[in-house]
Amino acid sequence: MGYRYNFHEIEEKWQRHWDETELYVEAEAAHRPRYYCLEMFPYPSGRLHMGHVRVYSIGDVIARFKRMQGFQVLHPMGWDAFGLPAENAAIQHNIHPHRWTEANISHMRQELKRLGFSYDWNREVTTCEPDYYKWTQWLFLLLYKNGLAYRKAAPVNWCPSCATVLANEQVVGGLCERCDSKVEKAKLEQWFFRITDYADRLLDGLEKLEGWPEKVKSMQVNWIGRSEGTEIRFAVEGFDEELPVFTTRADTVFGVTYVVVAPEHPLVDKLIAGQENEDEIRAFLKEVMAQDELMRTAEDTEKKGILTGRYAVNPLNGERVPILIGNYVVGSYGTGAVMGVPAHDTRDFAFAKKYCLPIREVVAPPGKEAGGEPAEAYVDEGVLINSGDFSGLSSQEAVEKITKHLEAIGRGGHKVNYRLRDWLISRQRYWGTPIPIVYCPQCGIVPVPEEDLPVMLPTDVAFKPTGESPLIHCEEFVQTSCPQCGGAARRETDTMDTFIDSSWYFLRYTDPHNDQLPFAKEKADAWMPVDQYIGGVEHAILHLMYSRFIQMVLSDLGLASHDIPFENLLAQGMVLQHGAKMSKSKGNVVDPDTIVNQYGADTARLFILFAAPPDKDLEWSDEGIEGSYRFINRVWRLVVEYLDLIKDVSPEVGGSLGPRERELRRIVHAGVKKVTKDVAERFSLNTAISAVMEMVNGMYHYKDTPLDEQDLGVVREAVELLLLVLAPFTPHVTEELWHRLGYDESIHVQSWPAYDEAATQADEATIVVQINGKVRDRVTVPADSGTEEVKEAVFAQARVQEYTAGKEIVKTIVVPGKLVNIVVK
RNA sequence: GCCGGAGUGGCGAAACAGGCAUACGCGACAGACUUAAAAUCUGUUGAUCUCUUAUAAGGUCGUGCGGGUUCGAGUCCCGCCUCCGGCACCA
């Protein structure tokens with residue numbers, strides 16, 4: 001009877017049935033423990049790709065498993081629907097972004113349903129709809145009122161191709177994260193979120209996130225880039241100005257022989273004005289600034305500098321040192337100026353050699369005197385020399401004492417620096433949440449009152465990437481009246497970074513239809529934090545740090561009780577084909593629709609869960625898909641062929657069973673145990689599936705055994721347990737077979753099966769016999785044998801006697817039920 | 001340079017608490033079924049050597065490399081190598 005099951009018919013039937021019966025709509029019963037299982041919502045780009053199938057398959061297994069374990073599970077889905085591709089489609093295909101987005105959403109929603117994911121679609125959120133972005137605006141105002149949103153002119157990252165500014169986090173290797181264009185610097189008035197106020201808490205908070213992968217946490221640590229050191233304020237000779245520098249090596253301050261400032265340093269103009277070589281310096285500045293920052297600050301770029309003819313005064317020893325302008329000093333980090341200590345810094349050493357600046361050693365390696373002209377910089381710690389009162393101190397003591405001394409004389413002190421910049425959130429684009437701000441000639445910057453939200457995004461605008469928001473040209477949007485004085489005023493025409501939309505959507509799911517608030521606190525508190533969040537590691541910094549920030553703000557302002565959004569995080573690996581990430585340009589894309597048409601959703605899900613652990617990259621394999629399909633058919637045949645025999649049998653097991661039946665029960669119950677542990681304790685879905693495969697193999701081995709009445713109960717039990725543990729992975733075929741067994745209720749609302757621990761124990765144990773750690777023999781003993789009985793059986797073995805003959809037995813180690821190691825000399 | 005992760009059969013991978021290395025699957029090979037093929041069911045499948053007509057049996061080696069701890073190491077410790085990811089003239 002080698003036939004295959006009709007997955008088309010079965011999958012469609014049950015998808016319709018689940019939809020109609022609202023099987024996965026969460027009823028908010030109060031008496032069950034809650035579990036919030038969330039996968040990162042997709043951007044509605046048009047079609048699902050294999051990466052989507054992977055995250056959502058992983059999440060669906062967890063959600064279904066938890067539901068069967070008796071949890072009330074929140075498992076929602078929505079759309080991160082604002083963003084550039086919609087606008088580009090509008091420009092290229094003359095279709096309105098809203099229509100394009102809507103069409104994509106409805107197509108992708110169908111694709112998700114065809115994969116059989118158990119979402120509560122009643123909670124669907126779409127960030128580009130006014131009922132959502134109204135609350136994104138509300139959140140903006142909340143931050144604004146609390147001093148966490150501000151406007152300022154600043155040098156910003158400008159993507160000429162996208163014609164908009166970008167957050168630092170969106171610039172990857174000097175290129176635009178979206179389109180790989182070279183990012184330029186521009187000075188513009190922009191809106192920022194004060195995320196740097198939270199730098200320390202974002203950093204310290206990582207320690208509490210025990211359920212997050214190290215990889216993600218270390219990426220955030222690197223990104224925040226906390227650096228502890230000393231600020232030293234040099235006086236500038238001839239000016240009533242201070243020139244602060246930042247250093248982590250205050251112990252080397254007596255070795256300062258010059259100071260270098262970045263070309264964009266605010267003091268540069270003042271310093272060089274009227275100098276005799278001003279023209280030369282300006283030419284140098286022009287040359288350096290013409291280079292883009294990435295090039296200029298690359299490690300292998302030649303260090304260049306020019307003397308300004310001005311001098312700074314070292315506050316520790318009163319020494320005059322020349323001030324230079326250097327291409328290697330980064331204007332946006334620290335103070336934009338550094339002290340030059342050529343004897344103890346590799347870069348400074350090279351720079352000093354090139355420009356014939358003096359080199360003075362002030363730190364000696366412990367137990368060694370420095371002397372003569374050093375051949376290279378000594379960058380390690382040591383003992384101070386040539387450092388006045390501080391000579392003789394260790395580097396560590398000196399840092400502390402010098403910092404204190406600077407503080408005492410009002411010339412500096414302890415300082416913490418961060419790499420993290422404030423979050424630039426304004427975008428000169430149309431398809432985003434409008435920033436709810438009005439500019440009034442009388443009152444200045446005026447927030448739109450809450451009761452006037454949402455500030456609706458107008459629908460009839462021209463889509464041209466002009467570098468200004470298309471909203472600028474939409475007069476009925478721009479022209480408004482001031483909420484304060486009622487006079488004529490203009491609206492802010494920039495929209496918000498779409499990462500703001502996705503920094504709070506997980507909260508909206510807990511209360512998606514609230515029209516009074518973004519979410520009611522009780523509702524959010526009931527579900528938050530997300531118990532398990534799943535998504536790609538490409539969001540390790542952007543989305544996952546912004547969400548942590550917003551959640552902290554909400555918690556500080558009393559709107560939420562938790563200050564972390566995601567308790568546990570699973571960063572799933574990529575889907576590869578031929579070792580490379582699937583991409584259109586590489587032509588190695590496998591379309592999920594094709595696979596679902598050819599093999600069905602259950603097969604697609606099973607393969608993608610089986611081929612690799614969730615957190616590792618997964619290599620696509622056509623043979624692997626075939627294998628998963630074969631396995632499901634194998635299950636189908638097994639159950640269908642038993643059906644007539646066991647249809648009216650109860651899954652009860654009693655009386656004394658024969659050895660084959662006991663073996664079958666052992667395999668099945670051990671399988672249930674392993675699946676339970678693998679899914680519950682470590683999301684090891686690939687090994688869970690392999691355990692199910694072993695159950696099936698065991699059942700096939702049993703299959704031709706002649707059956708009596710009592711054995712039918714054992715078979716029925718085995719079939720039911722198999723279907724139940726397989727249900728989260730392949731929901732359709734298990735649902736069909738479950739009903740064929742005679743049940744009316746869905747398999748997906750059944751309790752997760754318990755296993756019989758006693759049944760998992762074999763009657764006999766195979767003991768491995770080692771002589772001096774090498775396996776030499778095996779012996780089978782009754783499972784309940786004690787240490788002495790096992791030893792007796794082992795020493796009775798002919799091979800053991802052979803190996804021990806004439807030797808002294810030093811010791812015998814017995815690992816109960818497993819192994820005996822005899823040490824001989 | 002700093003931080004994080006990973007190196008196991010022909011391939012994807014497993015070994016969860018230091019106890020049979022390679023479960024499960026793919027591929028390959030063989031048997032059964034079939035007029036035949038496909039499908040299906042069953043079995044074999046780390047390398048190498050010895051003995052044997054063959055089967056069977058046995059030895060040695062084997063988890064990136066070199067050491068160490070231990071009765072016993074893929075797993076723990078020390079020192080390296082390679083690959084992947086993040087940060088980086090960051091002062």
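The chains referred to below are lettered A, B, ... by the order of the sequence lines, with proteins before strands, and numbering in each begins at 1.
- Among the protein residues, A:D348 comes within range of no part of the nucleic acid, since none of its heavy atoms lies under 4.0 Å from any strand.
- Residue A:Y803 is classed as a sugar-phosphate contact, given heavy-atom separations below 4.0 Å to backbone atoms only.
- Comparing the C1' positions of B:U75 and B:U70 gives an interatomic distance of 13 Å, to the nearest angstrom.
- Judged by distance alone, the side chain of A:T760 and the main-chain N or O of A:E757 form a donor-acceptor pair under 3.5 Å.
- Taking only side-chain atoms of A:R682, from C-beta outward, the nucleotide of B:C87, B:C16, B:C20 with the closest atom is B:C16.
- Rounded to an integer number of Å, the gap from A:N327 CG to B:C89 P is 12 Å.
- A salt bridge does not link A:R776 to A:E802: none of the charged side-chain nitrogens sits closer than 4.0 Å to a carboxylate oxygen.
- Protein atom CH2 of A:W212 is 18 Å distant from nucleotide atom P of B:G4, rounded to whole Å.
- Across all strands, A:D617 comes closer than 4.0 Å only to sugar-phosphate atoms, never to a base (heavy-atom distances).
- Comparing B:C71, B:G12, B:G4 by their closest approach to the side chain of A:K811 singles out B:C71.
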Extract from the structure each pairing of a protein N or O with an N or O of nucleotides 24-26 of chain B at less than 3.5 Å, listing the distance.
unit_1 : atom_1 : unit_2 : atom_2 : d
B:G25  : OP1    : A:N697 : ND2    : 3.2
B:C26  : OP1    : A:R630 : NE     : 3.3
B:C26  : OP1    : A:R630 : NH2    : 2.7

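- A:K791 meets the salt bridge (Lys or Arg N to Asp or Glu O under 4.0 Å) test with no other residue; sequence neighbours excluded.
- Side-chain atoms of A:R778 lie closest to B:C20 of the nucleotides B:C20, B:C3, B:A91.
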Tabulate protein N/O versus nucleotide N/O from nucleotides 43-49 of chain B, keeping only pairs under 3.5 Å, one per line.
unit_1 : atom_1 : unit_2 : atom_2 : d
B:G43  : OP1    : A:H701 : NE2    : 3.1

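- Side chains of A:N697 and A:R634: a donor-acceptor N/O pair is present below 3.5 angstrom, by distance only.
- If you check every strand for non-hydrogen atoms under 4.0 Å, A:P213 touches nothing.
- Across all strands shown, A:V823 has heavy atoms under 4.0 Å from sugar-phosphate atoms exclusively, and none from any base.
- When the P atom is compared between B:C80 and B:G27, the two are found 44 Å apart, to the nearest whole Å.
- Look at the P atom in both B:G10 and B:G67: the space between them is 24 Å, to the nearest Å.
- Taking atom CD1 of residue A:I625 and atom P of nucleotide B:G27, one finds them 13 Å apart after rounding to whole Å.
- An OP1 or OP2 oxygen of B:C90 is reached within less than 4.0 angstrom by no side-chain nitrogen or oxygen of A:N417.
- Per the geometry, CE belonging to A:M699 stands 14 Å off P belonging to B:C41, to the nearest Å.
- Looking at heavy-atom distances under 4.0 Å, A:K674 makes contact with a base.
- A:H543 and A:E538 form no side-chain donor-acceptor contact under 3.5 Å, judged by distance and modelled atom types alone.
- Here B:G9 is in the syn range [glycosidic angle within 90° of 0].
- Between the NZ atom of A:K818 and the P atom of B:G18 there is a distance of 11 Å, rounded to whole Å.
- Listed nucleotides: B:C3, B:A88, B:A14. Nearest to the side chain of A:K616: B:A14.
- Across B:G58 and B:U63, the matching C1' atoms stand 24 Å from one another, rounded to whole Å.
- In this structure, CE in A:M695 is found 9.0 Å from CG in A:L664, a value given to the nearest 0.5 Å.
- The aromatic rings of A:Y378 and A:H344 stand perpendicular to each other, their planes meeting at an angle above 60°, with 30° marking the opposite boundary.
- Here the nucleotide nearest the side chain of A:M219, chosen from B:G86, B:U40, B:A91, is B:G86.
- The residue A:R226 sits apart from the nucleic acid: no heavy atom pair falls under 4.0 Å.
- Within 4.0 Å (heavy atoms only), A:E619 reaches no atom of the nucleic acid at all.
- B:G72 and B:G86: their P atoms are spaced 43 Å apart (whole Å).
- Residue A:Y328 places no side-chain N or O under 4.0 Å from the OP1 or OP2 atom of B:A91.
- Classification of A:E641 and A:K703 as a salt-bridged pair holds, one side-chain N sitting under 4.0 Å from a carboxylate O.
- Judged by distance alone, with hydrogens and angles left aside, A:N821 brings a side-chain donor or acceptor within reach of the base of B:C71, the pair sitting under 3.5 Å.
- The side chain of A:S218 contributes no N or O atom lying less than 4.0 Å from OP1 or OP2 of B:G5.
- In this structure, the side chain of A:D777 does not engage the main chain of A:R799 through any donor-acceptor pair within 3.5 Å.
- Comparing the same atom, C1', in B:U69 and in B:G79 gives a spacing of 15 Å after rounding to whole Å.
- For B:G12 and B:A6, the C1' atoms lie 16 Å apart once the distance is rounded to whole Å.
- For A:E663, the salt bridge (Lys or Arg N to Asp or Glu O under 4.0 Å) test picks out A:R666, with sequence neighbours left out.
- The only member of A:V61, A:V55, A:V53 that meets side-chain contact (heavy atoms from CB on, under 4.5 Å) when paired with A:S57 is A:V53.
- The separation between A:K415 atom NZ and B:A91 atom P is 13 Å, rounded to whole Å.
- Counted by atom type alone, A:E169 and A:W423 present zero donor-acceptor pairs between their side chains at under 3.5 Å.
- Distance from the side chain of A:V330 is smallest to B:C89 among B:A15, B:G19, B:C89.
- Scanning atom types as modelled, one donor and one acceptor separated by under 3.5 angstrom connect the side chain of A:K303 and the base of B:C89.
- Neither side chain, A:K303 nor A:N327, offers a donor N or O lying under 3.5 Å from an acceptor on the other.
- With sequence neighbours left out, the salt bridge (Lys or Arg N to Asp or Glu O under 4.0 Å) criterion links A:E207 to no other residue.
- Taking the side chain of A:T687 as heavy atoms from C-beta on, and the options B:C20, B:A14, B:A91, the nearest nucleotide is B:A14.
- The shortest distance between the side-chain N/O atoms of A:R776 and the OP1/OP2 oxygens of B:G59 is below 4.0 Å.
- Under the 3.5 Å distance criterion, with hydrogens and angles disregarded, no donor-acceptor pair is assigned to the side chains of A:S227 and A:N417.
- Rounded to whole Å, the P atom of B:C78 lies 25 Å from the corresponding atom of B:C20.
- Rounded to whole angstrom, the span from the CG atom of A:N168 across to the P atom of B:C87 amounts to 11 Å.
- Stems are defined here as 3 or more consecutive Watson-Crick or G-U wobble pairs with pairing distances under 3.5 Å; those involving RNA chain B are B:1-7 with B:81-87, B:10-12 with B:24-26, B:27-32 with B:40-45, B:46-50 with B:57-61, B:64-68 with B:76-80.
- Ionic pairing of A:E302 and A:K354 is present here: one or more N-O contacts between side-chain nitrogen and carboxylate oxygen are shorter than 4.0 angstrom.
- Using a 4.0 Å heavy-atom criterion, one finds that A:K774 contacts the sugar-phosphate atoms exclusively.
- If you check every strand for non-hydrogen atoms under 4.0 Å, A:Y700 touches sugar and phosphate atoms only.
- For the pair A:D704 CG and B:U40 C1', the interatomic distance rounds to 13 Å; values are reported in whole Å.
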